[in-house]
Amino acid sequence: MLSPSPPSDAAGASKTKTILNLLQGCNSLKKLHKIHACVIIAGLQNHRAISTKLLNFCAVSVSGCLVHAQLLFRQIHNPKTDDWNSIIRGFSRSSSPLQSVFFYNEMVSVAAGCRPDTYTFSFVLRACERVPLAESKRKEVHGAIIRSGYDRDVVVCTNLIRSYAGNGEIETARKVFVEMPLRDLLSWNSMISCYSQAGFHHEALRTYDLMRIANVGLDGFTLVGLLSSCAHVGALNLGVELHRMASEKGLLKNVYVGNALIDMYAKCGNLNAALSVFDGMQKRDIFTWNSMVVGYGVHGRGDEAIEFFRQMLLAGVQPNSITFLGLLSGCSHQGLVEEGVKYFNLMTSNYNMEPGIKHHGCLVDLFGRAGKLKRALEVINTCRSQKDPVLWRTLLGSCKIHKNVQIGEIAMRNLVQLGASNAGDCVLLATIYGEVNNADGVATMRKMIKSQGIKTTPGWSWIEIGDQVHKFIVDDKSRPDTNEIYLKLRQVIHEVALLGYVEEDSMSFTSVEGFSDQGCCRIGSYHSEKLAIAFGISRTPQGTCLRIVKNLRVCRDCHSFTKFVSKAFNREIVVRDRVRFHHFKDGLCSCKDYW
DNA sequence: ATAGGGTTAG
């Protein structure tokens with residue numbers, strides 16, 4: 001099909017030039033409509049450069065319009081790669097990315113005389129990233145990329161990495177990364193942030209080691225991904241090093257970097273450093289404030305979390321649901337019951353926010369921790385998400401703190417009814433029974449555990465020594481220096497025993513084989529944090545603070561052990577468990593034995 | 001002419 005040829009006289013050429021200039025300076029849809037009208041009046045709608053430019057503007061510009069773009073596209077006879085790219089790109093970031101994939105399909109199957117280029121692939125990959133269940137399409141596009149030789153293109157590969165990683169195929173993403181012939185700063189950054197976002201924090205940090213060897217430098221994006229991973233694994237030493245580099249490179253005024261630093265310091269247990277970064281920030285956004293509120297909250301410093309909340313409002317920043325989670329957890333850990341209730345109610349009354357399941361969980365915890373178990377029960381019974389096992393489990397935990405058999409049994413019954421009871425719940429209730437010397441109850445729980453089969457979350461702890469993070473599991477024997485660590489641990493136990501530490505045996509009823517969930521132990525077994533502490537003491541100079549991250553809650557025996565160690569060895573020990581921080585010093589813990 | 005990247009909770 002032949003398109004009518006554009007006017008070729010001098011007047012026509014001048015009109016064409018004028019319209020192209022107008023398009024160049026076009027910055028709104030309204031102006032675009034005017035220009036489009038001029039194009040039609042001048043009979044230039046089939047002029048190649050003009051129609052391509054018009055289409056591109058409509059499809060890609062912020063003030064464009066995809067419906068309009070689609071109409072323009074359909075008017076183009078025999079569209080070229082540029083035109084396809086515009087329409088594929090436009091839809092790839094729209095609310096209907098699937099359209100983008102459809103246009104790509106059409107392009108490769110029916111379009112004559114033009115082929116996808118590196119841009120086309122980048123756009124369609126972006127679209128695939130946002131279309132659910134697009135795995136096979138992504139694979140197909142990947143195949144086409146390889147066949148056309150564009151698997152050597154650094155941008156296309158970076159898009160592939162993001163597209164795979166964003167849909168859980170982190171291993172394939174890694175493979176693309178490793179096999180691409182050239183990696184620039186952006187590809188390294190993408191790989192690191194993909195790992196970090198997917199929860200592969202050690203891999204993220206390891207990638208940074210390789211990045212240093214590759215000598216590509218780093219920027220704010222690198223730092224943000226790495227700091228987030230440092231925060232998750234508690235790698236404070238590396239975090240401090242990254243802080244130093246940020247300041248050297250003048251990146252501290254970057255609000256993303258500042259926010260990531262605050263979060264890293266707070267999650268590594270160093271609130272003073274978090275505060276000093278906060279104070280030095282020129283610009284603060286919702287992330288900045290939330291990081292402070294949540295940071296103080298999880299450390300059990302509710303009144304300071306509240307103070308940050310007040311300052312945040314004064315600074316004119318609107319709180320969001322995360323802000324309230326921080327406030328509520330702070331109130332809960334500090335026993336500020338009425339304040340907590342006040343902020344919970346404030347969500348709906350002042351901010352028109354519907355409290356989510358997590359907020360209800362905080363409220364249950366707030367009452368339960370404070371011993372107001374009936375009110376906690378009421379919360380669950382009156383909230384719409386009473387089918388959620390997490391709420392009942394929270395209540396059961398509170399019953400353990402307050403040795404309340406009656407409500408503990410109610411919580412357990414509900415967990416069983418929901419088909420959600422697990423070994424950890426049985427241990428919690430068994431502990432309560434054990435503490436009130438109810439042997440029958442303990443026996444029942446033991447039977448239940450046996451009949452259900454035990455599914456436990458294996459416990460692990462991380463400790464950072466120098467620039468390395470070391471991981472330990474229960475009774476870990478996997479390391480080459482295992483003998484040395486166990487020897488040290490026995491020495492440490494001996495020393496703290498002299499100060500009065502007694503290994504807890506009140507939990508002997510949990511001596512079911514394989515039992516380790518929720519920190520309840522087999523007799524003669526060593527929890528991961530004990531191993532990590534012994535390792536830390538043997539590998540760091542006198543007086544160095546030990547920082548440990550644990551995936552489960554600290555058990556009572558380990559909690560008591562750590563208190564004694566902090567005194568006997570004159571060490572500050574910061575343990576971040578699944579729920580909160582414990583700062584051990586001089587034989588005492590910041591949680592006041594209340595967790 | 002048109003491309004690829006970031007933080008909080010869970």
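Convention: sequence-line order gives letters A, B, ...; per-chain numbering from 1.
With sequence neighbours excluded, no residue satisfies side chain to side chain donor-acceptor pair (under 3.5 Å) with A:N272. Applying the ring pair (Phe, Tyr, Trp, His ring centres under 6.0 Å) criterion to A:W462, with sequence neighbours excluded, gives A:H202, A:W460. A:S229 pairs by the side chain to side chain contact (heavy atoms under 4.5 Å, CB included) definition with A:S196, A:H201, A:A204, A:L205, not counting sequence neighbours. For A:A165, the side chain to side chain contact (heavy atoms under 4.5 Å, CB included) test picks out A:I170, A:A173, A:C194, with sequence neighbours left out. For A:R174, the salt bridge (Lys or Arg N to Asp or Glu O under 4.0 Å) partners two or more places apart in sequence, or in a different chain, are A:E171. Residues that satisfy the side chain to side chain contact (heavy atoms under 4.5 Å, CB included) test with A:V574, not counting sequence neighbours, are A:C545, A:R547, A:F581, A:H583. Residues passing the side chain to side chain contact (heavy atoms under 4.5 Å, CB included) test with A:T288 are A:V255, A:N259, A:I262, A:F278, A:M281, A:R284, A:D285, sequence neighbours excluded. Under the rule for a ring pair (Phe, Tyr, Trp, His ring centres under 6.0 Å), A:F123 has no partner lying at least two apart in sequence or in another chain.
Residues of residues 169-181 of chain A that place a heavy atom closer than 4.0 Å to DNA chain B do not occur. Of all the residues in residues 218-255 of chain A, A:D219, A:G220, A:F221, A:V224, A:S228, A:H232, A:N254 reach under 4.0 Å from DNA chain B with at least one non-hydrogen atom. Proximity of residues 264-283 of chain A to DNA chain B (heavy atom under 4.0 angstrom from any strand atom) is restricted to A:K267.
Comparing B:dA9, B:dT7, B:dA1 by their closest approach to the side chain of A:N56 singles out B:dA1.
Here side-chain hydrogen bond (donor to acceptor under 3.5 Å, both in side chains) pairs that include residues 351-362 of chain A, with residues two or more places apart or in two chains, are A:E354-A:R384.
Across the protein-nucleic acid pair, A:H142 atom NE2 and B:dG4 atom C1' stand 15 Å apart, rounded to whole Å.
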